[in-house]
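To start, the structure under review is shown below, and the notes come after it.
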There are 2 protein chains.
Amino acid sequence: MAASLDTVFSALADPTRREILRMLLEDDMAVTDVAEPFEMSLAAISKHLVILAGAGLITQEKRGRVKWCKLEPDALKAASVWMQGFGQFEPVNLDAFEAFLARELGEEASG
Amino acid sequence: MAASLDTVFSALADPTRREILRMLLEDDMAVTDVAEPFEMSLAAISKHLVILAGAGLITQEKRGRVKWCKLEPDALKAASVWMQGFGQFEPVNLDAFEAFLARELGEEASG
DNA sequence: CCCATATTCAACCGATCGGTTGACGAATGG
DNA sequence: CCATTCGTCAACCGATCGGTTGAATATGGG
């Protein structure tokens, strides 16, 4: 479950895989539907999905013939925390602070 | 300067390079000193440093014979922002909020 | 000047990566 | 039952990766 920083960062290093994550942000998808917009084989996409699952960034559940892919954003947490360790060098980081507040408060207001 | 997400994430995917960044968090270092704690050749470390510089995560400045390596934490910003796009799925993320506040306020208090 | 130090370059190596293709297995439905 | 759809497996390919070694290129100091 808790994948290493190695696997998470290397999973994120490929633009196809990042695009897949972005697509899954909107909704869960079947493997075939994930592959559709890409100009590469289904097998290639299937491999990318295995790598994303190995990094914990998605989970896959088979229902009938169809394997559904679901984003698991929590897997980014360890990587994010690691990166935050370097943020202390930024003078105040007001931008990030405001973005953070806007997101949290916006969520509270609308949820 | 502004490196791609590809180069940043793949630079971060290697544990040796992450350890180098961690070392540079404490202070600027010469190439030879960066290499010292690792059980691999100087040339290998030199290559790692080139990759980190290519990703914008460090800069290197030659003074005399010695090439100094300096952390550039801002290079993590784009990657961090990209990752934050997935954070909205986390219910409230109080942990991150508190960590953020602690860091920012702690800096203000001690600075 | 000459030698030591600091770092990179160049060639090489085996392993992994990202892709292909074709065969295969598993579930669906007329 | 049989054709079809969904997805993976296996073998293969060229390219890139992470490492080595040895030579080359500065630079500094006595």
Side-chain angles (χ1 to χ4, degrees), chain A residues 3-24 27-72 75 79, chain B residues 3-24 27-72 75 79:
Chain A
S4 67
L5 290 175
D6 281 39
T7 60
V8 170
F9 280 130
S10 67
L12 295 178
D14 183 276
T16 299
R17 289 193 288 264
R18 288 199 306 277
E19 175 64 12
I20 290 174
L21 293 179
R22 204 194 55 73
M23 289 163 58
L24 292 177
D27 206 352
D28 297 359
M29 296 179 77
V31 173
T32 302
D33 295 330
V34 170
E36 195 273 333
F38 294 98
E39 288 185 343
M40 71 179 71
S41 69
L42 178 62
I45 295 296
S46 177
K47 284 189 190 177
H48 280 304
L49 291 170
V50 166
I51 291 171
L52 288 171
L57 291 163
I58 67 168
T59 49
Q60 295 184 285
E61 182 197 356
K62 192 166 183 181
R63 287 203 296 273
R65 287 193 284 201
V66 176
K67 202 167 189 177
W68 293 91
C69 305
K70 177 179 167 46
L71 191 63
E72 296 290 345
Chain B
S4 67
L5 290 175
D6 281 38
T7 59
V8 170
F9 280 130
S10 67
L12 295 178
D14 184 276
T16 299
R17 289 193 289 266
R18 287 198 307 276
E19 174 63 13
I20 290 174
L21 293 179
R22 205 195 55 74
M23 288 163 58
L24 291 176
D27 207 352
D28 298 359
M29 296 178 77
V31 173
T32 302
D33 295 329
V34 169
E36 195 272 332
F38 294 97
E39 288 184 344
M40 72 178 71
S41 70
L42 180 61
I45 295 296
S46 177
K47 283 189 188 176
H48 280 303
L49 291 170
V50 166
I51 291 171
L52 288 171
L57 291 163
I58 67 168
T59 49
Q60 294 183 286
E61 182 197 358
K62 192 167 183 181
R63 287 203 298 271
R65 289 189 283 197
V66 176
K67 202 167 191 178
W68 293 91
C69 305
K70 176 178 165 50
L71 192 63
E72 296 291 346

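Residue numbers start from 1 in every chain, and the chains themselves are labelled A, B, ... in the order their sequence lines are given, proteins ahead of strands. Hydrogens, waters and symmetry mates are skipped; everything else that's a heavy atom, side chains included, is used. As the structure is a prediction and not an experimental result, all values here were calculated from the model.
Comparing B:T32 and A:R65 by the nucleotide of DNA chain C whose heavy atom lies nearest to each, the residue mapping closer to the 5' end is B:T32. Between A:S10 and A:G64, the residue whose closest nucleotide on DNA chain C is further toward the 5' end is A:S10.
A 4.5 Å side-chain heavy-atom check between A:M40 and A:T16 finds at least one atom pair inside the cut-off. Between B:E19 and B:P37 the shortest side-chain heavy-atom distance does not fall below 4.5 Å. In this structure, B:L52 and B:Q60 have side chains that are not in contact, with every pair of non-hydrogen atoms separated by 4.5 Å or more. A:L24 places none of its side-chain heavy atoms less than 4.5 Å from the side chain of A:L57.
Put simply, CG on B:L12 and CG on A:D6 are 10.5 Å apart, with the number rounded to the nearest 0.5 Å. Distance CG/A:D27 to NZ/A:K70: 9.5 Å, rounded to 0.5 Å. Here the CD1-NE2 distance, from A:I20 to A:H48, works out to 6.0 Å after rounding to the nearest 0.5 Å.
Residue B:R63 is classed as having no contact, given no heavy-atom separation below 4.0 Å to the nucleic acid.
Scanning residues 38-53 of chain B for heavy-atom distances under 4.0 Å to DNA chain C yields B:L42, B:A43, B:S46, B:K47.
Bracketed by its first and final contacts, the part of DNA chain C lying under 4.0 Å from non-hydrogen atoms of chain A reaches from C:dG18 to C:dT28 in 5' to 3' order.
As rounded to whole Å, 7 Å separates atom C1' of D:dG7 from atom NZ of A:K62.
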Side chain to side chain contact (heavy atoms under 4.5 Å, CB included) evaluation trace for B:F9 with A:R17: CA-CA 12 Å; B:F9 280 130; A:R17 289 193 288 264; over 6 Å; no
